[in-house]
Amino acid sequence: MFSASTRPGARANSRVFSFAGLGFLFGFCAAGQAPDRPVSLEEAVRIARDRAPEIAAARARVLQAEGRKFAASVPADPELQYGLGRGRPRDGGPSRKESTVELRQFLTSPLAVRSRLRSGEAEIEASLRDVDVAASEAVLQVKRIYYEAAISGEEANALAEAATDARALQDVMDRRVEVGEASEGDRLRTRVEALRADLEARSALAQAEAAKAALGRFLLGSLGPRFILSTALDPTSIPDLGPDFLEQAVGRNPELRAARSRLEAAGWSLSAEKAQRIPGLSLSSFWLTELDRRASGVTLGLSIPLWNRNQGAIRVAQGERAEAEADVLAVRTEVEIELERAIRANRSARELAIAYRKEILPAASEALSIVRFSLGEGEANLLSWLEARRSYLEILRASYRAQLEAFLKRAELERIVGGIDVSL
């Protein structure tokens, strides 16, 4: 009779992380080093929001929009002219110096200024929504990598336990062959199974370490050289979506909100261009010093829209507004289609992951335990145990794939609604 442990399917993810964390802790304490720093999903998301280059670039565009609004609010600089010359009296006599000083200020139509300011505010709002778009993309990316690293780590731990189980079986079979209770063929089968399990465990560990390294690089080294992932991922913790989620989520999409802000900005730009047809005023004051007199006064100028009533700029603005209207419709349609697909995929992936975790994997684990007990009692042969074990491992790997898919689909859904909690 032999006894070897296999990871039960119903065991909580948090226990796997606890065991891994204790192993790291004991190993580093023995080596005189500090343990790895635990990193939660919330911390990784916060770092991505603070340091992602795409978000920084989007924030820089907000500054540009603010600068354009400021430029539209500042009146034109006044123009100062100074003239100097010499004059000679008509009846003769020595020439003397003459001078003129003129200060001129151009005044834009108040309606045009107001429209420019409102257009600038709408552009700033659109730029802020673009920041939300960049942030949601960055958050989606960091969640993808974090989920892959965390679930790959769980799978690597499970396959490492399975490899230990296979080696324990190999040791038992070696002893049985020595005392004549098993055949040489059984020993070869268990040796092959142990080698295969060890290779699978190493491959899973390499994949988990690669995902972990990718997370560190994506966060620009903010996590340091040594860290562990502390979040326990349970598909049952993913909340289901309400019946009215689609309509509520469409309005929260940052791309659609940015398109609407750009449409508003285009509308105010058109109003500003139309307001340019209103004649602007030119206000001047002058000081004149001549040979026989001095004079000062004020002049008022008015542009006459005779040759140019700003028709070209108005048509350009009309085209931009029409383009913005079409863009809003296109973005809304795309968001609705994307949301419909994401909602269905999210529900399907969540249900599959929960089914694996609560029903399929526990049943496969129980079946393996029964075959193992029967093998120990001499009621089952080694081939039956190997077949049940490989079936369990296939279901175990499928369970982790379903778990990863469920969290990835939820992350994609959160991106569509701006990278925020979607449990409406």
Flag side-chain contact, heavy atom, 4.5 Å: [X] against [Y]:
| X | Y | answer |
| --- | --- | --- |
| Asp186 | Leu383 | no |
| Arg144 | Leu140 | yes |
| Val133 | Asn253 | no |
| Ile395 | Tyr356 | yes |
| Glu405 | Leu352 | no |
| Val331 | Arg260 | no |
| Val39 | Leu215 | no |
| Glu193 | Asp165 | no |

Donor-acceptor contact present, side-chain [X] to main-chain [Y], <3.5 Å:
| X | Y | value |
| --- | --- | --- |
| Ser203 | Leu199 | no |
| Arg350 | Ile238 | yes |
| Thr333 | Leu329 | yes |
| Thr164 | Ala160 | yes |
| Ser369 | Ser365 | yes |
| Ser115 | Leu111 | yes |
| Gln105 | Ala76 | yes |

Hey, are [X] and [Y] close enough for a salt bridge, meaning a charged N less than 4.0 Å from a carboxylate O?
| X | Y | result |
| --- | --- | --- |
| Asp171 | Arg167 | no |
| Glu336 | Arg332 | yes |
| Glu338 | Arg415 | yes |

How long is the gap from [atom1] on [X] to [atom2] on [Y], to the nearest 0.5 Å?
| X | Y | atom1 | atom2 | answer |
| --- | --- | --- | --- | --- |
| Arg262 | Asp130 | CZ | CG | 5.0 Å |
| Glu148 | Leu229 | CD | CG | 11.5 Å |
| Ile228 | Lys212 | CD1 | NZ | 7.0 Å |
| Thr190 | Leu169 | OG1 | CG | 5.5 Å |
| Arg196 | Leu393 | CZ | CG | 6.5 Å |
| Ile314 | Ser271 | CD1 | OG | 10.5 Å |

Any chance [atom1] of [X] has more than 12 other-residue heavy atoms, nucleotides or ligands included, within less than 6.0 Å?
| X | atom1 | result |
| --- | --- | --- |
| Glu366 | CD | no |
| Arg390 | CZ | yes |
| Glu334 | CD | no |
| Gln81 | CD | yes |

Minimum heavy-atom separation for [X] to [Y], with atom names?
| X | Y | value |
| --- | --- | --- |
| Ala249 | Val417 | CB-CG1, 3.3 Å |
| Ala166 | Ala197 | CB-CB, 3.9 Å |
| Ala150 | Leu233 | CB-CD1, 3.7 Å |
| Val177 | Ser183 | CG2-O, 3.4 Å |
| Ala138 | Ala52 | CB-CB, 4.0 Å |
| Ala342 | Ile416 | CB-CD1, 3.7 Å |

The test is side chain to side chain contact (heavy atoms under 4.5 Å, CB included); show your working for Leu223 and Ile47 and say whether it passes.
CA-CA 9 Å; Leu223 302 179; Ile47 294 174; 3.7 Å; yes
Q: Go through the structure and list residues passing salt bridge (charged side-chain N to carboxylate O under 4.0 Å, His left out) with Glu394, not counting sequence neighbours.
A: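 Scan of Glu394 (salt bridge (charged side-chain N to carboxylate O under 4.0 Å, His left out), adjacent residues dropped) gives none.
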| query | Applying salt bridge (Lys or Arg N to Asp or Glu O under 4.0 Å), which residue pairs with at least one partner in residues 100-119 are found, sequence neighbours left out? | reply |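 Checked against salt bridge (Lys or Arg N to Asp or Glu O under 4.0 Å) - neighbours excluded - the pairs reaching residues 100-119 are Glu102-Arg104, Arg116-Glu273, Arg118-Glu121.
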_Under the ring pair (Phe, Tyr, Trp, His ring centres under 6.0 Å) definition, can you give me all pairs with a residue in residues 198-229, not counting sequence neighbours?_
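Sorted result for residues 198-229: empty, none.
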Ring pair (Phe, Tyr, Trp, His ring centres under 6.0 Å) partners of residues 135-162, not counting sequence neighbours, each pair once
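Every ring pair (Phe, Tyr, Trp, His ring centres under 6.0 Å) pair that includes a residue of residues 135-162, provided the two are not neighbours, is Tyr147-Phe407.
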Could you walk me through whether Leu368 and Trp385 satisfy the side chain to side chain contact (heavy atoms under 4.5 Å, CB included) test, starting with their C-alpha distance in whole Å, then the side-chain angles of each, then the deciding distance to 0.1 Å, before giving a yes or no?
CA-CA 7 Å; Leu368 178 59; Trp385 188 88; 4.1 Å; yes
Side chain to side chain donor-acceptor pair (under 3.5 Å) evaluation trace for Arg51 with Ser222
CA-CA 9 Å; Arg51 304 194 59 181; Ser222 301; 2.4 Å; yes
For a salt bridge (charged side-chain N to carboxylate O under 4.0 Å, His left out) check, start with the C-alpha distance between Arg187 and Glu184, then their side-chain angles and the critical distance, and finish with the verdict.
CA-CA 5 Å; Arg187 178 161 65 179; Glu184 185 66 27; 2.6 Å; yes
### Query
Under the side chain to side chain contact (heavy atoms under 4.5 Å, CB included) criterion, do Leu159 and Arg202 qualify, and how do the steps go?
CA-CA 9 Å; Leu159 293 179; Arg202 291 183 181 181; over 6 Å; no
- Task: Mind running side chain to side chain contact (heavy atoms under 4.5 Å, CB included) on Leu361 and Tyr392 for me, showing each step along the way?
- Result: CA-CA 7 Å; Leu361 190 56; Tyr392 168 77; 3.7 Å; yes
Atom pairs and distances, donor-acceptor, side-chain atoms in residues 55-75, under 3.5 Å, two or more places apart:
| unit_1 | atom_1 | unit_2 | atom_2 | d |
| --- | --- | --- | --- | --- |
| Arg59 | NH2 | Arg49 | O | 3.3 |
| Arg68 | NE | Glu123 | OE1 | 3.4 |
| Ser73 | OG | Phe70 | O | 2.7 |

Can you give me every donor-acceptor pair (side chain of residues 317-327, partner residue at least two apart or in another chain, under 3.5 Å) with its distance?
| unit_1 | atom_1 | unit_2 | atom_2 | d |
| --- | --- | --- | --- | --- |
| Arg321 | NH1 | Glu325 | OE2 | 2.5 |

